[in-house]
Amino acid sequence: MSGTTAALLTFGIFGIIGLIPTLALVGPGAPLLVLAPLVTGVETSLAGACSLAFGGTTYMWFWTLSILAASIGGFTLWRKWHNAWPNGDSRSREKIRYLPAIAFLLLVGTGALCLVPLRVPAVGWDSRAIWILRASWFAGSGHFLRAVFQSPGSVIAHPSYPPLISSSVAVAWRISGTTSDAIGVALIAMFGAAATVATAWVLMTIAGTSGGGQANRRHGLIPYCAATACAVCFVFVVFGIFGPFATNGYADPLWSVAAAGAIGYGLVLPMDKKSVGAACILLAVSGLTKDEGAATAAGLILLIVARTIVESSRSSASFLPSETRKDRFLSALRAPRGVQTILLGLSGLLFLGAWPLLASLEHAPRNPNTSGLRQGDWILRIRETAAGTTQHLHVLFLAIPIAVFAAWRFRRTRARLGIGSDLWSWLGLGMGLLVITAAYVTGPGNTAFWLASSVHRTTMFPAIVGSFIIAVWVIVAIRASNHHDAS
Amino acid sequence: MTMRVYRRGTGRNEAEPGKNRREFSRIQLLSRILVAGVGLGTLVILSEQSIRAELHASTNSEVAAWNLDANYWKCLSTQAHSLLMPGERVRIVETNLANWVTLEKVIGGWTVPVTSGQSATVTLQKRDRGSCLGSVVVEYRPASNGTSSRERVGSGDSLTSHHPLPNTPL
């Protein structure tokens, strides 16, 4: 059995294991199938953390936590059994029911096509030095894991990096019964493809949404087909941004596209339980994949909380006409839903902070990218960082004018469709840029060298979000009416 | 409370409702074509570049080059396994950073690499004249009397090729 076949088999098993908890989080629908393996990936991370904290093997903890998650998910589903799925019907009112299935198959096929380079058995520098090397740690006993985790000699493997990729590869090795780099590389690539398809599905949801259940006369075949073409192109564009790192075992594609997907579900689509559930899964994936992903995910949680409160302050009918916008915002903040949202956001931040805390308690060697002497003054470092990142963000030079013009013409269409303001997506993109700029400017060493070896990977997130913003506006323009959407 | 109901073609534009509506519709249609055309065009161009890069990256010569790379690492790993026990505390003694990193990658997953300040059961080196594309793993283990070190050279696999290893993107 080749590495890719074994990885595909394991990926399928991951999908089955993650199905019940994912169904409980996002409900029935196409994204369920691509989010389920990612949920299992999150479970392997928790298993790796438990192995480090309490001993025992990651594999043992994986099955324990998977059974626990399936039980909780099953109980949640059982409670919902007799009730209609929350907001489930508003998205499934497509005139032609088979179109979403065809669109989903096309997106999965495109994702699979983008994985053709897996026939090249390339293992990247970081993959061998960090992700697959650490997978061997998670495949061993808890005692061994702790010993290598704490050893200063392991500094090259970045022990403090979050565990999702390495623990998933370790579990995949046990499930497939084969320990090879090829399985690890293929599994990481499949995770990236799944997160990409989940993100592209946001575009199909916008194409299929009927604006909070209102009937829409123009909701027909041609706009849906055009939107499908746009989503398929988006998948290709994302893999173009990934470049060779899509299929050589790097972590950057996964965290970047998962964070972009979280923007789609949490800041673009109408806020409902399905979208929040999908956003939570993708935020967890991003945050448990790499440090940059964790910092970006934390920023996105704050934005999603802010959006929820701002939108509920606008939509609530219980306010007096004399109340100012500030009064409404404060009232929405104090309302039960506002408090609930803040608590959910805080628990998300605590979840993301748990791994760095554990790494610190276990005395993991510090990440060499965050400690050491800094070369050059701040002005020079800011200038070098700006020059370095701009080279890889040409797409933004097109996304900005498109977004400005489209917002002028079609912002009412967005409102009619019930999707979030484009400003939220730009704030999410800005958050990602802020994280990488802060890292390069305040980090150690020589910025020029550091940028040369990493900026093409760290800018994946803003480049993907820029392309996503363009794709969203394309679909909004397709869905706009010539008669009703005057801005 | 009074409710005001507006209909299209009434209110401010009552004087020339048909003309204004037609003009608005035309501008709106042009805007839609512009945004959808430019946006979709951009995505199509970027997609085409992506597909071309993918096809270029998965040629048979790339497969052969990366197979050689995989065999090189397998060769070093087999040699290291012939010398070390899993879980051993190993100190890498290398002045050449590239060699140090290579050895770290080879043994870091199944031994405990330690730094100079920590106790190690064995020290390891990579020599540039050997059987794995010109490299070999060598260990120095203290003799039973604890005074001198015994040198052992890794074995179990060898690899020769006229082709260079592929450049690994960082």
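Numbers restart at 1 for each chain; the letters A, B, ... are given by sequence-line order, proteins then strands.
If you check the side chains of B:Glu104 and A:Ser154, you find no donor sitting under 3.5 Å from an acceptor. A:Asp422 and A:Trp473 share a donor-acceptor pair across their side chains, judged by distance under 3.5 Å alone. A donor-acceptor pair shorter than 3.5 Å can be found between the side chains of A:Gln150 and A:Glu362. Counting only N and O atoms by type, the side chains of B:Glu88 and B:Thr121 include a donor and acceptor under 3.5 Å apart.
Note: B:Glu139 CD to B:Gln125 CD = 12.0 Å, rounded to the nearest 0.5 Å. A distance of 10.0 Å separates OG1 in A:Thr228 from CG in A:Leu203, rounded to the nearest 0.5 Å. Atom-to-atom distance recorded for A:Cys230:SG and A:Ile206:CD1 is 9.5 Å, nearest 0.5 angstrom. The CZ atom of B:Arg32 sits 10.5 Å away from the OG atom of B:Ser25 when rounded to the nearest 0.5 Å. With values rounded to the nearest 0.5 angstrom, A:Leu133 atom CG is found 9.0 Å from B:Ile107 atom CD1.
Only the side chain of A:Arg457 has a heavy atom closer than 4.5 Å to any heavy atom of chain B. Only the side chain of B:Leu34 comes within contact range of chain A, judged by heavy atoms closer than 4.5 Å. In this structure, chain B has no heavy atom under 4.5 Å from any part of A:Ala157. Both the backbone and the side chain of B:Leu43 come within contact range of chain A, judged by heavy atoms closer than 4.5 Å. Only the side chain of A:His456 comes within less than 4.5 Å of a heavy atom in chain B; its backbone stays farther off. In this structure, chain B has no heavy atom under 4.5 Å from any part of A:Ala135. Heavy-atom distances place no part of A:Val232 under 4.5 Å from chain B, backbone and side chain included. Heavy atoms closer than 4.5 Å to chain B are found in the side chain of A:Phe245, but not in its backbone. When heavy atoms are compared at a cutoff of 4.5 Å, A:Val237 approaches chain B by way of both its backbone and its side chain. For chain B, no part of A:Ile132 is nearby; none of its heavy atoms comes within less than 4.5 Å. Proximity to chain B (any heavy atom under 4.5 Å) is restricted, for A:Tyr250, to the side chain, taken from C-beta onward. The parts of B:Val101 that come within reach of chain A are both its backbone and its side chain, each placing non-hydrogen atoms under 4.5 angstrom from that chain. If you measure heavy-atom distances from B:Thr102 to chain A, you find no contacts under 4.5 Å at all. If you measure heavy-atom distances from A:Phe239 to chain B, the contacts under 4.5 Å come from both the backbone and the side chain.
Within a 6.0 Å sphere centred on NE2 of A:His143, heavy atoms belonging to other residues, nucleotides or ligands number 12 at most.
Ranked by non-hydrogen atom pairs under 4.5 Å with chain B, the options A:Val123, A:Ile470, A:Ile156 are led by A:Ile156. Contact count versus chain A (heavy atoms, under 4.5 Å) is highest, among B:Val44, B:Leu40, B:Val38, B:Ile45, for B:Leu40. When each of A:Pro117, A:Gly240, A:Ala182, A:Ser453 is checked for heavy-atom pairs under 4.5 Å with chain B, A:Pro117 comes out on top.
Residues that satisfy the side chain to side chain donor-acceptor pair (under 3.5 Å) test with B:Ser61, not counting sequence neighbours, are B:Thr59.
Using a 4.0 Å cut-off between a side-chain N of Lys or Arg and a carboxylate O of Asp or Glu, B:Lys74 and B:Asp69 do not qualify as a salt bridge.
Close approach to chain A, defined as a heavy atom under 4.5 Å from one of its heavy atoms, is seen in B:Thr168, B:Pro169, B:Leu170 of residues 151-170 of chain B, taken by number.
Between A:Trp137 and A:Arg146, the closest side-chain pair of non-hydrogen atoms is not below 4.5 Å. B:Val35 has its side chain out of reach of A:Arg409: every pair of non-hydrogen atoms, C-beta onward, lies at least 4.5 Å apart.
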